[in-house]
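Below you'll find the structure, written out as structure tokens, and then a few comments.
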Amino acid sequence: MKITINDIAVNYSDEGEKGAPAVIFIHGFPFNRSMWNMQLKALKDSCRVISYDIRGHGTSDPGNEIFSIELFVKDLLALMDALKIKKAVLCGLSMGGYIALNAIENYPERFIALMLCDTTCIADTPEVKEKRMNAIESIRKNGVEKYAEESIKNFFAPESITVKYNEIDAIRGMIVKTSEQTLLKTLLALSVRKETCSKLSEIRVPVLIMVGKEDKITPPAAAQFMHEKIKGSSLHILEHAGHLSNMENPGEFNSTLMTFIGSKRNDL
Ligand code: MLT
């Protein structure tokens with residue numbers, strides 16, 4: 001489905017019970033909402049589940065503005081308003097987590113719980129910024145397909161590379177379908193994003209933190225750090241998973257998600 005918000009058409013899905021708590025899934029970079037297919041299927045009988053393509057990704061329009069996490073948060077709030085969702089549960093993976101953390105910092109009254117997956121509160125270090133600039137150069141010079149091949153190795157755990165062929169194909173497909181312009185604009189946005197660590201102690205809603213044991217991009221230590229700072233949060237480290245833990249180990253991921261939502265049901 002498409003909906004127009006902030007002058008762009010956004011591709012989204014909205015399924016499940018309308019009276020139930022709304023859980024909004026926010027994808028990572030450079031993917032799209034289809035990365036959440038298995039979670040939507042598992043949760044739609046008990047919750048209202050929404051997923052959407054961040055601007056420029058999937059089939060959402062890019063618009064003309066410079067990309068930033070703040071702009072992505074503005075889109076998220078406009079989508080919630082358009083769908084008449086006053087308060088939501090957010091589930092964000094990696095870049096989706098950066099968006100969720102920025103959103104709760106600035107609009108705490110709009111969120112009732114967070115699920116932070118394979119993400120971090122720190123800003124890019126100088127080394128990571130340099131890697132992003134190299135990626136921009138490589139995409140310009142060698143194209144998106146080469147970039148997709150190079151990044152896949154980092155997204156998956158070594159054991160997933162040898163068995164998760166469908167998931168790898170799906171991720172490759174998502175990357176190569178992303179326009180060069182969106183890749184470059186998002187890499188720049190990520191490289192200048194603000195840290196959110198200093199505000200974690202102000203989070204007052206239930207928080208579940210999940211991370212693949214072999215996540216090389218946002219490793220378990222980053223998840224542990226957030227867990228220590230967010231009062232009352234739960235931390236779950238997933239076996240057999242790297243950075244894309246929801247696709248690499250959907251069984252454990254979904255049952256952890258559902259247990260968390262079930263246990264907090266009265267607060268939502
Ligand atoms: C993601 O999965 O969203 C990216 O790995 C985030 C990043 O590059 O920082």
Side-chain angles (χ1 to χ4, degrees), residues 24-36 39 51-58 60 67-73 75-76 90-103 114-139 144 147-157 160 164 167-168 170-178 182-197 209-212 214-223 225-226 238 241-249 253:
I24 305 181
F25 288 86
I26 317 175
H27 63 80
F29 169 77
F31 316 123
N32 59 55
R33 68 181 187 82
S34 68
M35 71 169 292
W36 293 116
Q39 284 66 47
S51 68
Y52 69 103
D53 290 335
I54 294 169
R55 63 167 69 213
H57 298 76
S60 288
F67 283 7
S68 65
I69 297 296
E70 286 73 18
L71 178 63
F72 296 158
V73 169
D75 290 341
L76 166 67
L90 293 181
C91 179
L93 185 136
S94 200
M95 176 172 74
Y98 310 157
I99 296 170
L101 284 167
N102 185 300
L114 293 186
M115 292 172 286
L116 302 170
C117 319
D118 299 281
T119 193
T120 180
C121 60
I122 64 167
D124 272 7
T125 61
E127 293 74 31
V128 174
K129 278 189 206 282
E130 197 183 323
K131 275 193 197 155
R132 300 222 196 260
M133 297 313 132
N134 292 342
I136 288 175
E137 219 178 286
S138 152
I139 294 166
V144 175
Y147 171 70
E149 274 333 302
E150 281 163 7
S151 14
I152 278 168
K153 288 179 238 136
N154 294 324
F155 289 138
F156 288 91
S160 301
K164 296 275 172 186
E167 289 74 13
I168 291 171
I171 283 293
R172 183 184 294 109
M174 290 181 220
I175 303 176
V176 298
K177 274 194 222 130
T178 310
T182 287
L183 292 173
L184 305 185
K185 285 176 78 171
T186 313
L187 281 163
L188 281 177
L190 292 174
S191 76
V192 296
R193 76 180 188 281
K194 291 193 213 119
E195 62 83 30
T196 47
C197 307
I209 301 164
M210 285 197 271
V211 63
E214 306 208 44
D215 186 341
K216 294 189 279 278
I217 300 174
T218 48
F225 179 80
M226 292 193 290
L238 290 114
H243 189 57
L244 294 171
S245 58
N246 70 311
M247 295 178 76
E248 295 178 77
N249 191 346
F253 188 98

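We count ligands from 1, going down the list as the structure has it; atoms in each ligand are counted the same way.
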Quiz item: With a cut-off of 4.0 Å, which atoms of ligand 1 are near a heavy atom of Met95?
Solution: 1 (C), 3 (O)
Quiz item: Does Arg33 make a cation-pi contact with Tyr52 (under 6.0 Å, within 45 degrees of the axis)?
Solution: no
Quiz prompt | Proximal ligand 1 atoms for Gly28, defined as those under 4.0 Å from one of its heavy atoms | solution = 3 (O)
Quiz item: In terms of side-chain geometry, is the basic nitrogen of Asp75 or Arg55 positioned less than 4.0 Å from the acidic oxygen of its partner?
Solution: yes
Quiz item: In ligand 1, which numbered atoms sit nearer than 4.0 Å to a non-hydrogen atom of Ile217?
Solution: 5 (O)
Quiz item: Considering Phe29, Tyr98, Phe155, which one's heavy-atom position lies nearest to atom 7 (C) of ligand 1?
Solution: Tyr98
Quiz prompt | Pair Phe155 + Phe31: ring centers closer than 6.0 Å | solution = yes
Practice problem: Using the six-membered ring wherever Trp is involved, compare the ring planes of Tyr147 and Phe29 and label them parallel, tilted or perpendicular (cut-offs 30° and 60°). | Solution: tilted
Quiz item: Which atoms of ligand 1 are found less than 4.0 Å from any heavy atom of Phe31?
Solution: 2 (O)
Self-check item: Which segment of Met35 sits under 4.0 Å of ligand 1 when only heavy atoms are counted
Solution: neither
Exercise. Measure the distance from atom 8 (O) of ligand 1 to every protein heavy atom, then report the residue, atom name and distance (to 0.1 Å) of the closest one.
Key: Arg132 NH1, 2.8 Å
Quiz item: Regarding Thr218 and Asp215, is there a side-chain donor-to-acceptor distance under 3.5 Å anywhere?
Solution: yes
Self-check item: Distance-only side-chain donor-acceptor flag, Asn32 / His57, under 3.5 Å
Solution: no
Quiz prompt | Asp118 versus Ser245, side-chain donor and acceptor atoms under 3.5 Å | solution = yes
Practice problem: List the closest protein heavy-atom neighbour of atom 6 (C) of ligand 1: residue, atom name, distance to the nearest 0.1 Å. | Solution: Ser94 OG, 3.1 Å
Quiz item: So which heavy atom in the protein is nearest atom 2 (O) of ligand 1, and how far is it from that ligand atom?
Solution: His243 NE2, 2.8 Å
